[in-house]
Participant: 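Would you mind keeping the following structure in view while I ask a few things?
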Amino acid sequence: MKFRSKIIDIGCLNNFTRVVTTISKLTKTCVLRLTPDNLYFVLSGKVANGGVGMWCELSQANFFDEFQLEGVSVKANEVCLELAPENLSRALRTAQNAKAVKIKLTKKHCPCLTVAAELPTMSSMSRVVTHDIPVDVIPRRLWNDFQEPSMPDFDVSIYMPPLKIMKNVVDRMKNLSNFLVIEANMNGEMNLKIETDLVSVTTHFKDLGNPPWGGDGSQHSQGDQETMVQARVDVRKLQQFLMGQQFNPSKAMCNIVQNSILHLILLYEDVSLQYFIPAVA
């Protein structure tokens, strides 16, 4: 297996750093799946057992000036690595003014992703700062656990309100309860609710719009456009998702499977992020 890449454009480096920093705020460990065309950050949580799931997809051509990959075989031209994204984020943050950043798979005391940043100096001499990030190579027999998750058969799909506003609401609500109810309908309406024995608080959002999924996903007749579908979730998991965002997405969508799954989708020009939060009884 071989992997080596290079980023020269400072804008691409900053964007890639923001993506990795976002991932680092969502999970302590994840799998980095490398293919000739794309990179994927995957958290294969067992949503049915209460864990969150994540799938973040990047086109390598939008970030890297050079990208070379030799996978485990010609037919399986991929590499899957488990790592702590905070370590990669920290290495990239030290390279924000670099002339170039090289990232490659190396073998030292253990397999590593080596990040080498060529930093500017006052003289003609170059200064290179190197970070070795330990990784675990995922064997091929386990790759099926890190494939793109299927789209849930949702009951409602709705565009989300501005994430900063939603974050402010959730930050206040978490002081009242450990659980929050998100409900929405196909008429562009969403409510965030806290209900306890002592207090009941609801924040209403209107005119959000509903994504045009066509024949996929939810099928609603005109008569039940206003019917609310809800999921009760751990407020800390939703807060973590909202706190982690380093981008202003071009589209932010929320799919709800009644009392089962909250499926959040953020789309940028060159990045897509899916996040799955299980509902609780």
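The chain is numbered in sequence order, starting from 1. All values below come from the heavy atoms of this structure, side chains included, with hydrogens, waters and symmetry mates left out.
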Participant: Among the clusters formed by ILVMFWY side chains lying less than 4.5 Å apart, do Val181 and Leu198 turn up in the same one?
Facilitator: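 Unlinked, Val181 and Leu198 end up in two clusters.
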Participant: May I ask you to decide if Gln230's main-chain N or O and Gln258's side chain share a donor-acceptor pair within less than 3.5 Å?
Facilitator: yes
Participant: Please name the residue in the list Asn185, Thr227, Asn255, Val257 that meets the side chain to side chain contact (heavy atoms under 4.5 Å, CB included) test with Asp155.
Facilitator: Val257
Participant: Report the relative orientation of the aromatic rings in Phe41 and Phe16; use parallel for angles under 30°, tilted for 30 to 60°, perpendicular for over 60°.
Facilitator: tilted
Participant: Return the CE to NE2 distance between Met253 and His263, rounded to the nearest 0.5 Å.
Facilitator: 8.5 Å
Participant: For the hydrophobic clusters of this structure (ILVMFWY residues joined by side-chain heavy atoms under 4.5 Å, transitively), does one cluster hold both Phe179 and Val201?
Facilitator: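 Result: no, two separate clusters.
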Participant: Show me, pair by pair, the donor-acceptor contacts under 3.5 angstrom made by side chains of residues 83-94, not counting sequence neighbours?
Facilitator:
from  : atom 1 : to     : atom 2 : distance (Å)
Glu86 : OE2    : Arg90  : NH2    : 3.4
Glu86 : OE2    : Arg93  : NH2    : 3.2
Asn87 : OD1    : Arg90  : NH1    : 3.2
Ser89 : OG     : Thr21  : OG1    : 2.9
Ser89 : OG     : Arg93  : NH1    : 2.5
Thr94 : OG1    : Ala91  : O      : 2.7
Thr94 : OG1    : His131 : NE2    : 3.1

Participant: Could you check if a side-chain atom of Thr22 sits within less than 4.5 angstrom of a side-chain atom of Val271, using non-hydrogen atoms only?
Facilitator: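 A side-chain contact under 4.5 Å is absent here.
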Participant: Say whether Leu262 and Val280 are linked into one hydrophobic cluster, either directly or through other cluster members, by side-chain heavy-atom distances under 4.5 angstrom.
Facilitator: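 In one cluster with Leu262: Val280, no.
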Participant: Can you tell me how far SG of Cys30 sits from OH of Tyr40, rounded to the nearest 0.5 angstrom?
Facilitator: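 Here the rounded value is 15.0 Å.
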Participant: Can you tell me if Asn97 has over 12 outside heavy atoms packed within less than 6.0 Å of its CG?
Facilitator: no
Participant: Quick check: is Leu142 connected to Val79 through a chain of hydrophobic side chains (ILVMFWY, heavy atoms under 4.5 Å apart)?
Facilitator: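 Linked, Val79 and Leu142 end up in one cluster.
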Participant: Sequence neighbours left out, what passes side-chain hydrogen bond (donor to acceptor under 3.5 Å, both in side chains) with Arg232? Give chain and number order.
Facilitator: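 Not a single residue meets the side-chain hydrogen bond (donor to acceptor under 3.5 Å, both in side chains) criterion with Arg232.
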Participant: Same cluster or not: Met228 versus Met160, using hydrophobic residues (I, L, V, M, F, W, Y) connected whenever any side-chain heavy atoms lie under 4.5 Å apart?
Facilitator: no
Participant: Going by the side-chain hydrogen bond (donor to acceptor under 3.5 Å, both in side chains) test, which pairs reach into residues 107-120, not counting sequence neighbours?
Facilitator: Thr106-Thr114, Lys108-Asp132, Thr114-Asp132
Participant: So how far is it from Thr35 OG1 to Arg33 CZ, rounded to the nearest 0.5 Å?
Facilitator: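 With rounding to 0.5 Å, OG1 (Thr35) is 6.5 Å from CZ (Arg33).
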Participant: Please tabulate, for side-chain N and O atoms in residues 52-60, each donor-acceptor pair with protein atoms closer than 3.5 Å (sequence neighbours left out).
Facilitator:
from  : atom 1 : to    : atom 2 : distance (Å)
Gln60 : NE2    : Pro36 : O      : 3.2

Participant: Which residue pairs satisfy the salt bridge (charged side-chain N to carboxylate O under 4.0 Å, His left out) criterion with at least one member in residues 185-207, sequence neighbours excluded?
Facilitator: Glu183-Lys193, Lys193-Glu195
Participant: Could you grab the distance from atom NZ of Lys102 to atom OG1 of Thr130, nearest 0.5 Å is fine?
Facilitator: 10.0 Å
Participant: What's the separation between atom CZ in Phe205 and atom CG in Leu192, rounded to the nearest 0.5 Å?
Facilitator: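 Atom-to-atom, Phe205:CZ and Leu192:CG are 5.0 Å apart.
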Participant: Can you list every salt bridge (charged side-chain N to carboxylate O under 4.0 Å, His left out) pair that touches residues 8-27, not counting sequence neighbours?
Facilitator: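 Found none.
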